[in-house]
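Worksheet: the structure to be examined is printed underneath.
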2 protein chains.
Amino acid sequence: MHKRVPDVVVLRLAAYRRALREFPAGSERVSSGALAARTGYSAAQVRKDLSLFGQFGQPGVGYSVVALERELVRIFGLDRERRVALVGVGNLGSALLAYNGFREAGLRIVAAFDVDPRKVGGVIAGVPVRHVDELEGAVAGENIELAMITVPAAAAQGVVDAAVRGGIKGVLNFAPAVVRVPEGVMLRSTHLGAELERLSCLVNLSLAGRDEL
Amino acid sequence: MHKRVPDVVVLRLAAYRRALREFPAGSERVSSGALAARTGYSAAQVRKDLSLFGQFGQPGVGYSVVALERELVRIFGLDRERRVALVGVGNLGSALLAYNGFREAGLRIVAAFDVDPRKVGGVIAGVPVRHVDELEGAVAGENIELAMITVPAAAAQGVVDAAVRGGIKGVLNFAPAVVRVPEGVMLRSTHLGAELERLSCLVNLSLAGRDEL
DNA sequence: TAGATTGTTAATCGATTAACAATC
DNA sequence: TAGATTGTTAATCGATTAACAATC
């Protein structure tokens, strides 16, 4: 288990997992070809991607739907509960708190943080809102591994630094700002506008007579 | 202008644009090296990416900050207002309606749609909420080019079909469902859980002793 | 001029695809 | 057995990097 795993492989693994979950109840076996058809990738790519992590299939037979899904869950590290902090309880933060998909994925938002005294002390979607001053201590003392940042751009680096001091393992930044984390801390950045801007670019390029992306 | 533009290039162009916007006021010129330092890519890649679209720099001098940003805006198709519909006024839909970043990017949400009679007829963040039955007609008659879908998974394909019938050019799907669009309509899919699951995967792989992604 | 920097070509690197022996 | 399908190797393809002539 020492191979490098490209980002794009993680993206496809997530698609395989989703496809497996949506498989007709009662399906026991699935072939790389069937997974490919459901996800839009190729059978060879399905097998290659999975082979990075082990040998999960049987030649001539295929993969066990249940066992393969279990392997993917394990690869994603979602086979045990991961505790998550959310920082910034605005519109997007509230939407994330109310989102049900995390729980079933093993991702549990256990604490929310904000600076607004009207929000601190409240409870949103079952999650207590605490003052952001408590963030570092909470990460350090309450086994919080991941943090989602939904604060204004100007505040982003500060709260990321606090989470890092507390020992956070991964940061998902939704603030439209470049933030830095030390080596060893995983970082993903996105923001609400990004996807729509990229879509606009695709539409624009395709209309300009280019090939489809 | 007939080269294929890989998805990853669009991603980097967006980063260059953001970096340009954050450049110290008064900067007139920027080199590929300076852009690289700000975005974490390499100078050669900056030049190569830009060269896909034209020659924007001067040898020995660099790029004009203002002119390059204008070119990027043009490439993204954001040099004129693009009208956008939002379908599904839940938590995420409301967050998108309230997000200010779209307007300054030239993306204007002109109509929101829902099926809930308590929401239909209201106005959120200045945008009127209409019944989803009006979606197709609105797209066709009100020059709406892009649609953001924030409805439950089960309803996603139906509203996408309606938007497509109305002549939508691009769809950004936030529902956790696989949707299909005909050739010629651009589609991007993501959902709130996806990024956090990918982050979890990164953290898990890095802790398992793998190289950094 | 000398130093800096672009745009592009060639070289390298990595990812995808095709093919097939091994296996059920 | 014959048909199906995996895991992996080799071949192809595409993207990144390095290098440099051209230019300011």
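Throughout, protein chains are lettered first and strands after them, A, B, ... in sequence-line order, and every chain is numbered starting at 1. Predicted model only: the values in this text are computed from it and were never measured.
Although no hydrogens or angles enter the test, the distance criterion places no donor-acceptor pair under 3.5 Å between the side chain of Thr39(B) and the main chain of Tyr16(B). Panel note: side chain Asp114(A), backbone Val89(A); a donor-acceptor pair is recorded below 3.5 Å. Side-chain atoms of Ser200(A) come within 3.5 Å of backbone atoms of Phe76(B) as a donor-acceptor pair (strictly under, hydrogens ignored). The closest donor-acceptor contact from the side chain of Asn204(A) to the backbone of Ile75(B) lies under 3.5 Å.
The shortest side-chain heavy-atom distance between Val164(A) and Arg180(A) does not fall under the 4.5 Å cut-off.
Remark: of the listed residues Glu81(A), Glu142(A), Glu145(A), Glu81(A) is the sole one forming a salt bridge (Lys or Arg N to Asp or Glu O under 4.0 Å) with Arg108(A). Val87(B) pairs with exactly one of Val160(B), Ile149(B), Asn173(B), Val171(B) by the side chain to side chain contact (heavy atoms under 4.5 Å, CB included) rule, that one being Ile149(B).
Atoms CD (Gln55(A)) and P (dT9(D)) sit 11 Å apart, rounded to a whole Å. Taking atom CG of Asp7(A) as the reference point, atom C1' of dG14(C) lies 15 Å away to the nearest angstrom. As rounded to whole Å, 14 Å separates atom P of dG7(C) from atom CZ of Phe53(B). Atom CG in Leu52(A) sits roughly 12 Å away from atom C1' in dT16(C) (whole-Å rounding). Rounding to whole angstrom units, CZ of residue Phe56(A) and P of dT8(D) are separated by 11 Å. Atom CZ in Arg29(B) sits roughly 17 Å away from atom C1' in dG3(C) (whole-Å rounding). Nucleotide dT5(C) holds its C1' atom 17 Å from the NZ atom of Lys48(B), rounded to whole Å. dT16(C) atom P lies 11 Å from atom CG of Leu11(A), rounded to whole Å.
Not one side-chain nitrogen or oxygen of Gln45(A) sits closer than 4.0 Å to the OP1 or OP2 atom of dA18(C). Using a 4.0 Å cut-off, no side-chain N or O of Ser32(A) falls inside it from OP1 or OP2 of dT5(D). Residue Tyr63(B) places at least one side-chain N or O under 4.0 Å from the OP1 or OP2 atom of dG7(C). When the side-chain nitrogen and oxygen atoms of Tyr41(B) are compared with OP1 and OP2 of dA15(D), none of them lie within a distance under 4.0 Å.
Taking every side-chain heavy atom of Arg47(A) into account, dA19(C) is the closest of dA19(C), dT16(D), dT8(C). Among the nucleotides dT17(D), dT6(D), dT8(C), the one closest to the side chain of Ser31(A) is dT6(D).
Within 6.0 Å of CG on Asn100(A) lie no more than 12 heavy atoms contributed by other residues, nucleotides or ligands. Around atom CD of Glu22(B), more than 12 heavy atoms belonging to other residues, nucleotides or ligands sit under 6.0 Å away.
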Might you list the N or O atoms of the protein lying below 3.5 Å from N or O atoms in nucleotides 21-24 of chain D, with each pair's distance?
| unit_1 | atom_1 | unit_2 | atom_2 | d |
| --- | --- | --- | --- | --- |
| dC24(D) | O4' | Pro59(B) | O | 3.2 |

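Using a cut-off of 4.0 Å between Lys/Arg side-chain N and Asp/Glu carboxylate O, Arg18(B) and Glu197(A) are scored as not salt-bridged.
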Quiz item: Tell me, what's DNA chain D's dot-bracket, Watson-Crick or G-U with both distances under 3.5 Å, | for other-strand, [ ] crossing?
Solution: ..||||||||||||||||||||||
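Residue contacts shown for Arg12(B) are limited to sugar-phosphate atoms, with no base heavy atom under 4.0 Å away.
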